[in-house]
Asker: 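My structure is below; once you've seen it, I'll send some questions.
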There are 2 protein chains.
Amino acid sequence: MNIKNFEDSLLDSYDISLLAALQRDAYATHQQIGEQVHLSASQVSRRVQRLQAGGFVRRYVALLEPQALGLGVRAMSYVTLTRHGGDEGAAFETEIGSIPEVLECYSVAGESDYILHIVCADLAVLSEQVLRRITRIQGVGSIRSNIVLNCIKSSTELPLGHLGR
Amino acid sequence: MNIKNFEDSLLDSYDISLLAALQRDAYATHQQIGEQVHLSASQVSRRVQRLQAGGFVRRYVALLEPQALGLGVRAMSYVTLTRHGGDEGAAFETEIGSIPEVLECYSVAGESDYILHIVCADLAVLSEQVLRRITRIQGVGSIRSNIVLNCIKSSTELPLGHLGR
DNA sequence: TGTGAAAAAAACACGTG
DNA sequence: CACGTGTTTTTTTCACA
């Protein structure tokens with residue numbers, strides 16, 4: 001039987017610590033993870049497979065160091081479309097998908113329509129290339145941006161505390 | 001000789017495609033990556049080690065599926081501190097670090113002082129637990145939040161195009 | 001830089017509680 | 001039926017040409 005989603009599934013406390021360990025460091029060996037979680041290597045192997053098959057793990061990735069790669073600028077940008085109701089949204093969303101400097105894009109309720117998380121080399125690239133390109137997308141009204149001064153925290157670890165008890 | 005940072009380092013086009021491959025899928029075997037990048041498995045092994053030692057790779061992680069884990073709410077919150085110049089910032093920053101629902105926190109130039117990326121189970125948890133806890137941190141003036149309606153794009157892949165040519 | 005050997009780790013099958 | 005142990009297979013790392 002397959003674990004399909006949150007409702008069907010019973011994640012016991014081992015699974016939860018396992019997921020926590022995986023999103024902290026996916027390159028630890030099953031042995032090492034097992035020691036942290038108090039499980040044998042074979043158990044870890046079995047459970048990890050189940051968790052993957054169950055759709056809890058999206059994928060495994062390497063997180064790179066922006067500074068080391070010459071990516072010195074991070075910004076949050078807020079895009080407002082000119083008109084709502086049409087398909088400006090669709091055009092915008094597909095275009096955004098093809099801009100590698102845009103790491104994240106969310107539609108939101110509020111003054112602006114979209115929030116964009118952008119990383120790029122420097123301010124010149126940000127304004128002259130990335131923001132310019134976004135401005136030119138059909139339906140885009142205004143863009144406002146916040147330049148990030150300092151990174152206090154940047155994590156990909158989802159909170160799992162609500163599952164536990 | 002060690003590769004220390006962007007200036008010293010000469011990343012050739014192989015290294016760049018290698019980094020791109022790693023941040024796309026870090027669980028591919030060296031063999032598979034080698035086929036994509038046109039390199040032998042041993043070369044991939046060597047280069048990956050160099051890239052890690054050179055500080056280009058922060059770490060390897062599993063990206064989990066929020067929906068499958070009952071994490072249905074995503075929000076961007078904007079925090080303004082009451083006074084600037086003191087050490088309210090320091091207190092705030094250490095406190096924020098201990099809230100697992102806050103995935104990202106950046107200090108920014110502009111109207112607000114900090115931007116927070118929050119993920120949690122539902123709106124009740126967001127307002128009654130997470131935002132409440134943030135409000136109570138010493139020095140916090142106001143919080144404004146944007147609830148995310150839709151995720152257009154959510155990536156951890158840094159843009160590497162500027163390195164290439 | 002590639003090839004092959006050695007080491008390590010993961011996946012699997014089995015026997016046991 | 002779930003668990004750990006031992007075995008097989010895969011994968012990575014290292015030495016050598």
Side-chain angles (χ1 to χ4, degrees), chain A residues 1-65 68 156-157 160 163-165, chain B residues 1-4 8-65 68-69 157 160 163-164:
Chain A
M1 218 268 292
N2 269 340
I3 297 171
K4 284 295 180 203
N5 58 43
F6 184 54
E7 301 306 329
D8 302 348
S9 70
L10 9 133
L11 294 174
D12 63 18
S13 63
Y14 287 114
D15 291 318
I16 295 164
S17 352
L18 213 43
L19 288 171
L22 287 176
Q23 66 176 347
R24 221 179 306 122
D25 175 17
Y27 254 34
T29 67
H30 291 175
Q31 189 89 39
Q32 293 171 317
I33 295 175
E35 287 165 16
Q36 292 175 29
V37 185
H38 304 295
L39 234 48
S40 70
S42 63
Q43 276 295 54
V44 171
S45 182
R46 264 192 272 258
R47 282 172 183 264
V48 167
Q49 281 183 326
R50 272 201 294 137
L51 292 170
Q52 287 170 348
F56 295 101
V57 180
R58 194 198 297 264
R59 52 188 187 150
Y60 296 92
V61 299
L63 300 180
L64 306 185
E65 201 67 55
T156 57
E157 297 177 30
L160 300 177
L163 296 173
R165 166 168 10 297
Chain B
M1 217 267 293
N2 266 341
I3 298 172
K4 283 295 180 206
D8 302 348
S9 70
L10 11 130
L11 294 174
D12 64 18
S13 64
Y14 287 115
D15 290 319
I16 295 165
S17 351
L18 213 42
L19 288 171
L22 287 176
Q23 66 176 346
R24 220 178 308 123
D25 174 18
Y27 254 33
T29 68
H30 291 175
Q31 188 88 39
Q32 294 170 316
I33 295 174
E35 288 166 15
Q36 292 174 29
V37 185
H38 304 294
L39 234 49
S40 69
S42 64
Q43 278 293 56
V44 172
S45 181
R46 265 191 271 259
R47 281 173 183 265
V48 168
Q49 281 183 327
R50 273 202 295 137
L51 291 170
Q52 287 170 349
F56 295 100
V57 180
R58 194 198 297 265
R59 53 188 186 149
Y60 296 90
V61 300
L63 300 180
L64 306 185
E65 200 67 54
L69 295 164
E157 298 177 30
L160 300 177
L163 298 172

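In what follows, every chain begins at residue 1, and chains take the letters A, B, ... in the order their sequences are listed. Values in this document were obtained by computation on a predicted structure and should not be read as measured data.
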Asker: Measure the CD-CG distance between B:Glu157 and B:Leu19 for me, rounded to the nearest 0.5 Å.
Answerer: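 Going from CD on B:Glu157 over to CG on B:Leu19, the span is 11.5 Å.
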Asker: Return the residues of residues 30-41 of chain A meeting this criterion: a heavy atom under 4.0 Å from some atom of DNA chain D. Order them by number, or give none.
Answerer: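 Hits under 4.0 Å, by residue number: A:Ser40.
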Asker: Below 4.0 angstrom, N of the basic side chain to O of the carboxylate: do A:Arg47 and A:Asp15 qualify?
Answerer: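 Answer for the salt bridge query: yes.
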Asker: By nearest atom, which of the nucleotides D:dG4, D:dT11, D:dC14 is closest to the A:Gln43 side chain?
Answerer: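 Nearest listed nucleotide: D:dG4.
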Asker: For B:Gln49 and D:dA15, give me the distance from atom CD to atom C1', rounded to whole Å.
Answerer: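 So the CD-C1' distance, B:Gln49 to D:dA15, works out to 14 Å.
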Asker: So which one's nearest nucleotide on DNA chain D is more toward 5', B:Ala28 or A:Arg47?
Answerer: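 In this pair, the answer is A:Arg47.
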Asker: With the side chain counted from C-beta on, respond yes when B:Leu51 and A:Leu64 share a heavy-atom pair under 4.5 Å apart, and no when they do not.
Answerer: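 They are not in contact (no side-chain heavy atoms under 4.5 Å apart), so the answer is no.
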Asker: Contacts to DNA chain D from residues 57-64 of chain A, heavy-atom cutoff under 4.0 Å, which residues?
Answerer: none
Asker: If every non-hydrogen atom of A:Gln23 is compared with every non-hydrogen atom of A:Thr156, which pair is closest and at what distance?
Answerer: OE1-O, 3.7 Å
Asker: Is the backbone N or O of A:Ile33 less than 3.5 Å from a side-chain atom of A:Gln36, with the two atoms forming a donor-acceptor pair by type?
Answerer: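 Absent.
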Asker: Working to the nearest 0.5 Å, report the span between CG of A:Leu160 and OG of A:Ser13.
Answerer: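 Going from CG on A:Leu160 over to OG on A:Ser13, the span is 12.5 Å.
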Asker: Minimum heavy-atom separation for B:His30 to B:Ala41, with atom names?
Answerer: CB-O, 3.9 Å
Asker: Using a heavy-atom cut-off of 4.0 Å to chain B, what are the terminal contacting nucleotides of DNA chain C, in 5' to 3' order?
Answerer: C:dT1 to C:dT3
Asker: Which of the following nucleotides, D:dA15, D:dT13, D:dT5, is nearest to the side chain of B:Arg46?
Answerer: D:dA15
Asker: Looking at B:Arg59 and A:Arg24, would you say the former's side chain and the latter's main chain have a donor-acceptor pair under 3.5 Å?
Answerer: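 Yes; judged by distance alone, with no hydrogens or angles, the pair exists.
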Asker: Stepwise, does the side-chain contact (heavy atoms from CB on, under 4.5 Å) test hold for B:Val48 with B:Leu22?
Answerer: CA-CA 9 Å; B:Val48 168; B:Leu22 287 176; 4.2 Å; yes
Asker: Examine D:dT13: is either OP1 or OP2 under 4.0 Å from a nitrogen or oxygen in the side chain of B:Ser45? Give yes or no.
Answerer: yes
Asker: In terms of ring plane angle, is the pair A:Tyr60 and B:Tyr27 parallel, tilted or perpendicular, where the classes change at 30° and 60°?
Answerer: parallel
Asker: Is there a donor-acceptor contact under 3.5 Å from the side chain of B:Gln43 to the main chain of B:Ser40?
Answerer: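 Looks like no, no N/O pair under 3.5 Å.
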Asker: Students often get this wrong, so: under 4.0 angstrom with heavy atoms, is B:Thr29 touching a base, only sugar-phosphate, or nothing?
Answerer: sugar-phosphate
